[in-house]
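For reference, positions follow the sequence shown, starting with 1.
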Amino acid sequence: MDDRNNQLCISRRGLLVGASVLAGSLVLPGIANADSKFPMPTGPDINVLVTGDAGTGEAGQRAVAAAAKRICQAEGVSLAIGLGDNIYEDGAESADDDEFSTKFEQPNAGIDVPWLMVLGNHDCSGIFAGSGGNPSKGDHEVAYHQRSARWYMPSRYYQVALPAGPEPLVEFFALDTVPVSSTVLQTDPHYQWNGPYMRGQRQWLERALTASRARWKIVLTHHPYRNNGKHGNAGAYDGVTTGDYMSGRHLKELFDEVVCGKADYILSGHDHTSQILDTAGASGGTQQIVCGASAKQGDGASVVTNKAFWQDFSSLGFMIAKIRRNAVTLDAYTVDAASGTARAAYSHVRPR
């Protein structure tokens with residue numbers, strides 16, 4: 001069997017292991033099992049911490065994490081999300097890289113819940129930091145799933161339905177957007193925009209969204225579909241509208257053709273801003289949220305003018321999603337970097 005088939009088999013095995021963690025029924029040598037992972041939430045209501053672009057290990061990340069820890073304890077948070085750029089600036093060098101400790105475990109100590117993680121462009125840096133030019137580097141973060149109680153990334157893309165059962169309250173679909181949003185050409189044919197990896201991911205996503213019986217469907221990505229920050233919308237990232245990679249035009253196609261009208265939310269990072277956008281009406285019911293200011297801040301406003309309920313282009317911050325059967329409430333918090341104090345900035349309720 002060649003390396004690509006091995007990789008696909010490992011991804012499928014990762015999904016099975018992830019499912020077993022939910023069910024608590026399977027133990028495999030060398031694989032994090034239900035006894036070594038923080039348990040997935042099982043109740044009828046789920047409160048979720050949302051962070052993005054957090055992995056610096058520096059003062060901004062520590063301030064946000066400390067503030068988020070206090071809010072998580074007060075709100076009974078049972079799940080967390082990391083929307084990519086988990087290990088700045090160049091990603092992990094191996095599954096044993098000590099940056100997993102300094103840029104994830106140590107800052108988030110005390111937020112002892114499963115963290116659903118997605119890959120960002122800095123996690124897959126090639127020759128240049130943040131280029132996304134070496135997607136295979138993200139495999140180190142997949143392998144780290146076996147080493148951490150918090151970190152949940154059983155495969156490069158995956159789904160998690162909660163609580164486990166035939167009709168879950170919510171299902172999360174974590175995507176890998178890096179190969180179609182890199183700032184350099186993808187030289188490995190496997191990861192090119194029309195290569196087997198992206199074709200396989202699209203086929204999986206189409207099937208998974210169609211088959212889902214969850215009350216709420218939430219897609220997790222690093223790169224946003226719609227965005228009022230400096231990077232702009234997919235298809236015209238950073239003002240680029242040509243080419244197969246930097247513009248993100250093939251990611252826009254994926255959103256337009258597979259996600260919009262089928263998912264309730266797209267949660268993304270990439271821009272170091274916080275935005276609760278008003279995009280559902282123009283996107284078949286799919287609302288874009290940007291939460292990428294959990295360590296870095298100040299990406300500023302771009303010329304894009306998507307309708308917005310609330311946005312902050314200068315502050316550090318995070319969000320809490322309170323998922324109920326009949327509504328999702330998104331509470332946005334800004335964080336003072338000097339004091340590590342969180343301030344409730346905005347609350348948005350979306351009824352079913």
Side-chain angles (χ1 to χ4, degrees), residues 1-22 26-34 36-38 40 51-52 54-55 79-88 90-101 103-105 108 114-126 132-160 172-182 186 188 190-191 195-205 208 219-223 269:
M1 184 179 290
D2 65 24
D3 290 342
R4 294 304 182 204
N5 288 334
N6 273 323
Q7 184 179 44
L8 292 173
C9 288
I10 289 169
S11 296
R12 295 188 185 100
R13 183 171 182 261
L15 288 172
L16 290 172
V17 171
S20 74
V21 171
L22 293 178
L26 181 64
V27 178
L28 295 174
I31 299 295
N33 55 63
S36 61
K37 288 290 207 187
F38 290 122
M40 290 287 180
T51 69
L79 188 72
I81 290 169
L83 293 169
D85 285 356
N86 309 311
I87 306 293
Y88 278 108
D90 297 301
E93 298 304 323
S94 74
D96 299 313
D97 195 319
D98 62 4
E99 289 190 313
F100 283 113
S101 177
K103 297 180 178 181
F104 178 73
E105 301 290 353
N108 295 317
W115 286 69
L116 307 185
M117 309 298 289
V118 301
L119 293 170
N121 51 295
H122 280 272
D123 302 308
C124 301
S125 294
N134 185 10
S136 63
K137 200 170 190 179
D139 291 341
H140 300 319
E141 298 196 7
V142 175
Y144 188 67
H145 173 88
Q146 303 175 15
R147 291 162 167 77
S148 171
R150 289 181 186 82
W151 185 284
Y152 192 91
M153 190 189 286
S155 188
R156 297 175 67 96
Y157 52 87
Y158 61 91
Q159 64 201 93
V160 175
F172 298 96
F173 304 85
L175 309 189
D176 175 9
T177 59
V178 174
V180 287
S181 303
S182 56
Q186 294 294 341
D188 184 341
H190 184 66
Y191 290 107
Y197 178 76
M198 289 307 301
R199 293 200 307 269
Q201 183 172 195
R202 178 180 174 126
Q203 291 165 3
W204 160 77
L205 183 60
V219 170
L220 310 178
T221 73
H222 180 65
H223 297 86

Problem set entry | Leu175 vs Leu220, side chain to side chain contact (heavy atoms under 4.5 Å, CB included): CA-CA, chis, key distance, verdict | CA-CA 6 Å; Leu175 309 189; Leu220 310 178; over 6 Å; no
Exercise. Taking all atoms of both residues into account, what is the closest heavy-atom pair of Gly91 and Glu99, and its distance?
Worked result: O-OE1, 3.8 Å
Problem set entry | Check: Met153 and Trp151 side chains under 4.5 Å, non-hydrogen atoms | yes
For this session: Answer yes or no: is there an ion pair linking Arg156 with Asp139, defined by an N-O contact shorter than 4.0 Å?
Result: yes
For this session: Using a strict cut-off of less than 4.0 Å between a Lys/Arg side-chain nitrogen and an Asp/Glu carboxylate oxygen, indicate whether Arg147 and Asp96 qualify as a salt bridge.
Result: yes
Exercise. Between Tyr158 and Tyr152, how do the two ring planes meet: parallel, tilted or perpendicular, split at 30° and 60°?
Worked result: perpendicular
Exercise. Sub-3.5 Å donor-acceptor pair from the side chain of Lys37 to the main-chain atoms of His145, do we have one?
Worked result: yes
Seminar exercise, completed: Residues Phe38 and Pro114: closest non-hydrogen pair is O-CG, 3.3 Å
For this session: Taking all heavy atoms of Gln186 and all of Val178, pick out the closest pair and write down the distance.
Result: NE2-O, 4.2 Å
Exercise. How far does CZ of Phe100 sit from CZ of Arg150, to the nearest 0.5 angstrom?
Worked result: 14.0 Å
For this session: Mind running side chain to side chain contact (heavy atoms under 4.5 Å, CB included) on Met40 and Leu79 for me, showing each step along the way?
Result: CA-CA 7 Å; Met40 290 287 180; Leu79 188 72; 3.9 Å; yes
Problem set entry | Point-to-point distance, once rounded to the nearest 0.5 Å, from CH2 of Trp204 to OG of Ser155 | 8.5 Å
Problem set entry | OG on Ser148 to CE on Met117, rounded to 0.5 Å | 9.0 Å
Exercise. So, Trp115 versus Phe104, ring centres under 6.0 angstrom or not?
Worked result: yes
Problem set entry | Sidechain-backbone polar pair: Lys103 side chain, Ala54 backbone, donor-acceptor under 3.5 Å | no
For this session: Before giving the answer on side-chain hydrogen bond (donor to acceptor under 3.5 Å, both in side chains), spell out for Asp176 and Tyr197 the whole-Å C-alpha distance, their side-chain angles and the decisive distance to 0.1 Å.
Result: CA-CA 10 Å; Asp176 175 9; Tyr197 178 76; 2.7 Å; yes
For this session: Tell me, with the steps shown, if Ser125 and Asp123 meet side-chain hydrogen bond (donor to acceptor under 3.5 Å, both in side chains).
Result: CA-CA 6 Å; Ser125 294; Asp123 302 308; over 6 Å; no
Problem set entry | Evaluation steps, side chain to side chain contact (heavy atoms under 4.5 Å, CB included), between Ile87 and His122 | CA-CA 7 Å; Ile87 306 293; His122 280 272; over 6 Å; no
Exercise. What residues, two or more places apart in sequence or in another chain, satisfy ring-ring contact (aromatic ring centres under 6.0 Å, His included) together with Phe173?
Worked result: none
Problem set entry | Thr177 OG1 to Leu119 CG distance, which is reported to the nearest 0.5 Å | 8.5 Å
For this session: Apply the test side chain to side chain contact (heavy atoms under 4.5 Å, CB included) to residues His140 and Asp97: give CA-CA distance (whole Å), side-chain angles for both, the deciding distance (0.1 Å), then the verdict.
Result: CA-CA 9 Å; His140 300 319; Asp97 195 319; over 6 Å; no
For this session: Would you name the heavy atoms of Ala95 and Ala143 that are closest together and state the gap between them?
Result: CB-CB, 3.6 Å
Problem set entry | Steps toward side-chain hydrogen bond (donor to acceptor under 3.5 Å, both in side chains) verdict (His222, Asn121) | CA-CA 8 Å; His222 180 65; Asn121 51 295; 2.8 Å; yes
